[in-house]
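Starting from 1, each residue takes its place in the sequence as its number. Just so it is clear, the model here is predicted, and its values are computed rather than measured. Counting starts at 1 for both ligands and their atoms, in listed order.
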Amino acid sequence: MEGSEVLRAEAERLRRDIERHNQLYYVKAKPELSDYDFDLLLERLVQLEREHPELLTPDSPTQRVGGTVTKEFPSVEHREPMLSLANTYSIGEVEEFVGRLNRLLEAEGAEGRDLVAELKFDGVAVSLLYRDGLLVRGATRGDGRRGDDITVNLKTVPSIPLRLWEFDGPFSAGEVCEVEVRGEVLMRKKDFEALNDTRPEEDRFANPRNATAGTLKLQDSAEVARRSLWFVAYNISGLHHEETSHGDRLKLLETAGFSTGGHYRLCHGVEDVEAFIQLWDEGRRELPYETDGVVVKLNDVRQWKLLGATSKSPRWAIAYKYPASRATTVLRDIVFQVGRLGTITPVAELEPVRIAGSTVSRSTLHNFDEMERLGVLPGDRVVIEKSGEVIPKVISVLLEERPPGLSAKELPSRCPECGTPLVQPEGEVSWYCPNEDGCQAQIRGRVLHFASRNAMDIENLGESLVEQLVAKGMVKDPGDLYFLGEEELTALERMGEKSARNLLQALLKSREQSFACLLFGLGIRHVGRATARELVKVCTSMEALQEATFEELSEVPDIGPVIARSIRDWFMKPSAPLLIEKLRRAGLPLVAEEPKPLVNTNFEGLTVVFTGGLLRHDRSSAGELVVARGGSIVSTVSKKTGMVVAGKEAGSKLEKAQKLGLRIITEEEFESLL
Ligand code: IVH
């Protein structure tokens, strides 16, 4: 074998190994390699592809990290419409459905009455197209006929195979083979919570489904990759010899490298279906992702065509939805909270009640409109609902149980904290306290946000301490934290010398946080952690950010006019320059550490080929030297090559470069150019 063939074979083997370990980890949850060893494999492949770009293939696992920025997703037509399912909350209707199926099949003289019961995943439906085994397109459901082509984003999902496994088996019987896999993209409950933790309060996702939908629409695929989405497959079509049962198709999906969730059951009659529904009513709470019901499908897929579909849903399937968990309790009082952005939120204080495995004693009523829509009075008995894992909601009042003599909670016209008259900006439902700089509740909220884990990560700065610091006027904005002295801290209640010193230590340590963390910590409306990260790539210092115009900001990926306006407004506030000055004097990072600035521009726009043996550099560090000076590295010589660095015993590449009349230099000349 020639040298290049050896490398090609190595790359091929690495790709296969990495994808297999990926699947063992993400789909089977049975990893065989440590993270460290896995990273070593991946690094080797990255290195091979960097040095030999011709070895890069579209199904390479190195492509999963994302990095492409898409302005708009093209609309594409589905091979077959993506229908939805007929829904029911009643077991009786599931029985009727099974009865109807049996009658229809009997009339057709068809055999095979078995059903498959599987979980109904609560995520976002997508379609994946594989041509000759290779993932070529991934699209959203859209209106059912046309959806958005979000291939770049879906490629980052580790449980979506980039190439079907065992492609040589059942998939490749014909010439061109186009297979379609449909399923649901999900966000696991714990990833959902971690994601929300990084977001500003006003931009939190209500549930994992919304978070998934929001993530799939992102223009920056690297951010999609970071959010670790999950895919479960529930159908495959386009096979040359179609499997005749749905159960077999699910098994085939598993052989092809997909996860089906693994929890489906062949049912011989409606009793089996009911047992499955009952089994998962409680069991689903233990699953890592959300499910909202059970889908019942006819097992014999040959009958699917026969039975057909209505305009919306197929006749061979039905979805049973679990009722959301509900409980009733007494609403003791309504209190009004002031958020760090001044938003007034009515909060229901409840008689503690157990619901779906946890005790609930508070629940947000969102805003005044919602409070009035519910018509709830302190003392009322109310219905609380918890759907999925989401924060419980008050959904209605039991009017027939209302005790006599209750009176309405008066809506505040002034801030409950500082007494300033509230305002309602045009077009918004919320009311605000406009006293940004004087309202202690807002200051407390801003300081706590600044100190939070994903921002400056200041340990030892809890709520009660912040309350004292703000109440005593020692802290008026987050910048003041850095000018607190040990003595004044020790004088505070419940504050010993040791805790004071710990806090000062934590403040010192927080100066190591990145500029992006600091920016997130400022609490600019709509600027979450991901947005902050995007921003600092373009505006690499506080000055640059201060000077960026609305238009420039709107150009940044994932930042639209609303966020751009919000950033501009923040910097226009009279208090902003003072805060920034304090942060500067405190020695905080007001510049981004990445991307690295160019050393010089000696290689700007030049593509460079290294050939032969270099004496003083290895290939990859020589490459980095070029990149740091504005150039780029390619591995093959062509007319477009700007320069060839020829080392010892350079061979065919040197010959070709000579033929093409390219600029050829020695290693010494290369060094002097640096
Ligand atoms: S089968 C013809 N199976 O529910 C529709 N769908 O309301 C074929 N869903 O859009 C879909 N889990 O997004 C099927 N095990 C499952 C499912 C499932 C969730 C979603 C899917 C679909 C919606 C239908």
Side-chain angles (χ1 to χ4, degrees), residues 78-89 93-94 97 101 115-128 138-148 150 154 157 159-160 180-188 207-213 215-217 229-238 243 245-254 258-267 273 276-277 279-280 283-284 287-301 303-322 387-388:
H78 293 299
R79 290 189 346 158
E80 301 213 0
M82 287 181 82
L83 301 176
S84 56
L85 291 165
N87 273 336
T88 176
Y89 284 94
E93 281 183 23
V94 176
F97 162 80
L101 262 188
L115 302 155
V116 173
E118 58 194 47
L119 293 173
K120 186 171 188 315
F121 308 103
D122 198 8
V124 175
V126 298
S127 140
L128 306 172
T140 60
R141 177 173 183 275
D143 63 5
R145 236 174 33 79
R146 303 185 67 89
D148 290 346
I150 52 164
L154 289 173
V157 178
S159 44
I160 293 183
E180 183 181 8
V181 173
R182 289 185 179 176
E184 206 83 354
V185 179
L186 304 166
M187 189 178 286
R188 274 161 297 183
N207 53 48
R209 178 172 17 86
N210 290 0
T212 308
T215 302
L216 288 177
K217 275 194 263 169
L229 295 174
W230 180 262
F231 178 75
V232 278
Y234 49 65
N235 200 15
I236 181 165
S237 64
E243 298 297 316
S245 83
H246 180 61
D248 287 346
R249 284 190 180 181
L250 290 175
K251 290 218 183 65
L252 195 64
L253 279 165
E254 287 165 2
F258 292 94
S259 166
T260 56
H263 307 297
Y264 51 88
R265 181 189 288 178
L266 185 65
C267 299
V273 172
F276 186 86
I277 289 177
L279 176 70
W280 286 103
R284 69 203 177 100
L287 291 171
Y289 42 74
E290 294 208 329
T291 51
D292 57 350
V294 166
V295 183
V296 185
K297 298 173 181 171
L298 186 64
N299 190 33
D300 188 339
V301 294
Q303 318 291 348
W304 288 9
K305 269 220 173 69
L306 209 76
L307 294 167
T310 68
S311 64
K312 288 202 209 82
S313 48
R315 292 200 183 84
W316 43 264
I318 193 169
Y320 168 81
K321 300 243 272 183
Y322 290 112
S387 54

Colleague: Measure from the side-chain N and O atoms of S259 to the backbone N and O of G261, and report whether any donor-acceptor pair falls under 3.5 Å.
Modeller: yes
Colleague: Quick one: pull up OH in Y234 and CD in E184 and give me the separation to the nearest 0.5 Å.
Modeller: 4.5 Å
Colleague: How would you list, by chain and number, every residue that makes a side chain to side chain donor-acceptor pair (under 3.5 Å) with T215, sequence neighbours excluded?
Modeller: R227
Colleague: Tell me if a side-chain donor or acceptor on W304 pairs with a main-chain N or O of L298 at a distance below 3.5 Å.
Modeller: yes
Colleague: Please check this pair: side chain of R265 against backbone of A117, looking for a donor-acceptor N/O pair closer than 3.5 Å.
Modeller: no
Colleague: Does a salt bridge link R209 with E290, judged by any charged N lying under 4.0 Å from a carboxylate O?
Modeller: no
Colleague: Pairs under 3.5 Å, N/O atoms on ligand 1 and on the protein: can you put them in a table with the distances?
Modeller:
| from | atom 1 | to | atom 2 | distance (Å) |
| --- | --- | --- | --- | --- |
| ligand 1 | 3 (N) | E118 | OE2 | 3.4 |
| ligand 1 | 3 (N) | K297 | NZ | 3.0 |
| ligand 1 | 4 (O) | K120 | NZ | 3.2 |
| ligand 1 | 7 (O) | L85 | N | 3.2 |
| ligand 1 | 12 (N) | F121 | N | 3.0 |
| ligand 1 | 13 (O) | E184 | OE1 | 2.6 |
| ligand 1 | 13 (O) | E184 | OE2 | 3.3 |
| ligand 1 | 13 (O) | Y234 | OH | 3.3 |
| ligand 1 | 15 (N) | E118 | OE2 | 2.8 |
| ligand 1 | 15 (N) | L119 | O | 3.0 |

